[in-house]
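Basis for what follows: all heavy atoms, side chains included, without hydrogens, waters or symmetry-related copies. Whatever order the structure lists ligands and atoms in, that order sets their numbers, starting from 1.
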Amino acid sequence: MTPTAAPVAPTTPAATDTHCPYCSLQCGMRLAPVGPAGSAPAGPPVEVLERPDFPVNRGALCGKGRTAPALLARGARLTGPLLRDRPGGPLRSASWPEALDRVAAGLARVRDEHGPDAVGVFGGGGLTNEKAYLLGKFARVVLGTANIDYNGRFCMSSAAAAHRRAFGLDRGLPFPLADLPHTGCLVLVGGNPAETMPPAVRYLRELRENGGTLIVVDPRRTRTAELADLHLQPRPGGDLALALGLLHLVIADGLLDQDFIAERTSGFAAARESAMAHWPDRVERITGVPVHQLRMAARMFGEAATGMVLTARGAEQHSKGTDTVGAWINLCLATGKSGRPYSGYGCLTGQGNGQGGREHGQKADQLPGYRSIEDPAARAHVAAVWGVPAASLPGPGVSAYELLDGLGRPGGVKALLLAGSNPAVSAPNAGQITERLRALDLLVVADLVLSETARLADVVLPVTQWAEEDGTTTNLEGRVILRRRALDPPDGVRGELWLLRELAARLGVPDGFPAEAEQAFEELRRASAGGDADYAGISYARIAAEDGVFWPCPAEGHPGTPRLFLDRYATPDGRARFAEVTHRPAAEEPDEDYPLYLTTGRVLAQYQSGAQTRRVAELNAAAPGPYVELHPRLAQRLGVADGEPLAVTSRRGRAVAPARITEAIRPDTVFMPFHWAGAGRANSLTNPALDPVSRMPEFKLCAVRVERVHREAGT
Ligand code: SF4
């Protein structure tokens, strides 16, 4: 599937301008009712129309966005709460009062018996800003627990940590996407927008039409890599050494911007010393990228008048992800490609609200407005907005994987409220995490479908979807946008804001949890005021009138900030900081027993854990199941034919999926997409080794053994 224009929108008052529920591009779309008013169609109740006036995607949508209404159909989703009366028993239908009473009583019991930190909250990067904000408030004010984190930790946390370390502030892109076509050289590291966000590929094509060059760094020759002027194909885990090697060559070739380094940065001496220890031959040995390609890339980037580096999960989901991103930022800073128009480092965030979801309080160490939960002034500000003593707010909790791995263990979380996430498929070492979810005294899942995680729950609460509710998200550019309610949800379905209000009231906090999204946003504005991610000047009316507003926007008269760091960085001295980084191996490298690299990723027609997209017939037809991508030479060595089932085994588990033989992958590496549960679950294999700064697990690299299934079975 390629980006397609939906049918052209008629001008009808019944149509609603909104945004796609899936990825961080948050494409604008228009929804129009299907059938006459008041009718109840058997299929999706709305259809997607083109919305060419929204600047990010200009009407183009990928197949995921175009088919998103399929899940609004009655038969495709949950329409009433479900309860389990005894462990191992079946889920049965329940009324909302019964379900909410059960949840409140269970949370209160665990809190009273084991203390507030025995109750946990796990959120998602797809939740709106309002939901993320009130989920964080619910955890800290109602439950009093430190243990809240979210699946965005598995997504952009390494880039966020490196961003803050270098620039003092983390926003995915410090410039609008519209700047991309005007840069001289764009390096895309570990990202595949041609499959993950196809409408964004237009910016890459325009860049090349304008005479700019595109370098793609990826162990696989992806559809995006095929668009590039130069494709560097390092071993998984080689991105850090590669960036250091390019900086080495930039220094050797005299392509530094000495004035920029002197005037706007600090810490270059240490970065230089580390880069000089990564000479070309050494980097070729580490990464597998030939020296002549390294030289070519260094010259293309170093000699361009302007340049950008964008990283995505391929570079970030490593136990050295923060340092890897830091090394690429170093390359930008050393060449003066930051803090000026059409230059800079950015991260392509993944989930629909991956950016906003981490700004407003569902991350273990943060309060709304991107404030540190350990900062006394931040605690005082937020506590005042919430009307509670600052001392009553808990401190930082543990990160997502640590939270999940501790479920049901002594000292760990015993009752978990989970919203907008499916860790039974998406967490690393997913077999182990599934066991931990089963070990809970109480698992409550709020979701729109019966995901693999919801199937394990004691209580399942069916919640509204994107088109059935108002709410804001913040796209990968830092643009706060507004999703509008286009239709009513089915009778048995409720919004998460309502749900939090009801639970808070049952747990003794009757006020402070508005069920209306705009009311919640108004409070979020006040809570974020003065913070890094300052939304104080943003209102629903402004977002609608201005095609979104870029944060920081500290006052209603403020225009918002599409471009960051043009005058100064957000560090105390206003200078960007070089990272002191050096190459190190992955937590697990191939060896005799597990001789191959496994890397994981996404495909065009599925999204994240697949809980939604696997229920859409058109998407399933395009991408029906998992597979193991391997090079013909490896296939020959194993004696494997295309389509034959392969067993992939790591130290954590085993997955079985058909072989897909392609020259697009390195012979020392196999690839599996991670959207599926069951025997082909890629995350049965992945390594939860954590980055020491961001606590990001090493999804992108582990050591595996690959065998033919029938040979392994001895038949
Ligand atoms: Fe746009 Fe992403 Fe939705 Fe596709 S999934 S339509 S790229 S927002």
Side-chain angles (χ1 to χ4, degrees), residues 1-7 9 17-31 44 46-72 124-128 155-156 172-173 176-178 180 191-205 222-224 310 312-313 347-357 420 465-467 471-484 486 547-548 601-616 618-620 622-623 673 675:
M1 286 181 293
T2 50
T4 53
D17 284 352
T18 189
H19 296 269
C20 174
Y22 295 119
C23 86
S24 66
L25 207 55
Q26 286 295 281
C27 291
M29 60 169 60
R30 191 161 292 161
L31 296 180
V46 290
E47 66 172 329
V48 171
L49 302 175
E50 187 181 344
R51 186 182 162 193
D53 56 313
F54 186 66
V56 175
N57 62 309
R58 296 185 213 155
L61 297 166
C62 78
K64 297 184 286 276
R66 201 164 32 75
T67 58
L71 280 181
L72 296 164
L127 300 179
T128 60
C155 205
M156 295 80 52
L173 296 181
L177 278 167
L180 262 59
N192 183 14
E195 298 215 47
T196 55
M197 50 177 72
V201 170
R202 172 170 55 87
Y203 296 105
L204 305 183
R205 291 193 203 282
T222 60
R223 294 183 201 203
T224 308
L310 303 181
R313 304 304 81 72
C347 155
L348 296 175
T349 55
Q351 296 186 79
N353 197 28
Q355 181 67 47
Q465 303 181 45
W466 56 293
T472 61
T473 61
T474 305
N475 83 347
L476 75 171
E477 306 168 289
R479 184 196 300 256
V480 184
I481 53 113
L482 182 58
R483 289 189 193 155
R484 279 296 193 192
D547 285 331
R602 294 191 260 165
V603 301
L604 176 60
Q606 299 287 353
Y607 179 72
Q608 303 296 68
S609 80
Q612 291 151 276
T613 49
R614 281 188 272 119
R615 289 174 164 81
V616 178
E618 185 178 331
L619 300 177
N620 261 343
H675 308 290

What part of Pro199, side chain, backbone, both or neither, has a heavy atom within less than 4.0 angstrom of ligand 1?
side chain
Note: ligand 1 atoms sitting under 4.0 Å from heavy atoms of Cys20 are 3 (Fe), 5 (S), 6 (S), 8 (S)
Taking only heavy atoms of Gly65, which atoms of ligand 1 are found under 4.0 Å from at least one of them?
6 (S)
Does the shortest distance from atom 3 (Fe) of ligand 1 to an N/O/S atom of Cys23 fall below 2.8 Å?
no
Between Cys23 and Tyr607, does a side-chain contact (heavy atoms from CB on, under 4.5 Å) hold up when you go through it step by step?
CA-CA 8 Å; Cys23 86; Tyr607 179 72; 4.1 Å; yes
Of the side chain and backbone of Met29, name the one, both, or neither that has a heavy atom under 4.0 Å from an atom of ligand 1.
neither
Residue of the set Thr349, Leu476, Asn475 for which side-chain contact (heavy atoms from CB on, under 4.5 Å) holds with Leu25:
Leu476
State which residue, out of Gln606, Glu618, His675, Gln608, fulfils the side chain to side chain donor-acceptor pair (under 3.5 Å) condition with Thr613.
Gln606
Please determine whether Cys27 has a backbone or side-chain N, O or S atom lying under 2.8 Å from atom 1 (Fe) of ligand 1.
yes
Any non-hydrogen side-chain atom of Gln612 less than 4.5 Å from a side-chain atom of Gln465?
no
Given the rule in the side-chain contact (heavy atoms from CB on, under 4.5 Å) test, do Arg479 and Gln355 qualify, once you have shown the distances and angles that lead to the verdict?
CA-CA 9 Å; Arg479 184 196 300 256; Gln355 181 67 47; over 6 Å; no
Determine, stepwise, if the pair Arg313 / Cys347 fulfils side-chain contact (heavy atoms from CB on, under 4.5 Å).
CA-CA 9 Å; Arg313 304 304 81 72; Cys347 155; 3.4 Å; yes
For atom 4 (Fe) of ligand 1, what's the nearest protein heavy-atom neighbour? Residue, atom name and distance, please.
Cys62 SG, 2.3 Å
State the atoms of ligand 1, each with its element, that fall below the 4.0 Å cut-off from a heavy-atom position in Tyr22.
5 (S)
Identify, by atom number and element, the atoms of ligand 1 in contact range of Lys64, meaning under 4.0 Å from any of its heavy atoms.
5 (S)
Can you check side-chain contact (heavy atoms from CB on, under 4.5 Å) on Asp53 and Arg30, steps first, answer last?
CA-CA 10 Å; Asp53 56 313; Arg30 191 161 292 161; 3.4 Å; yes
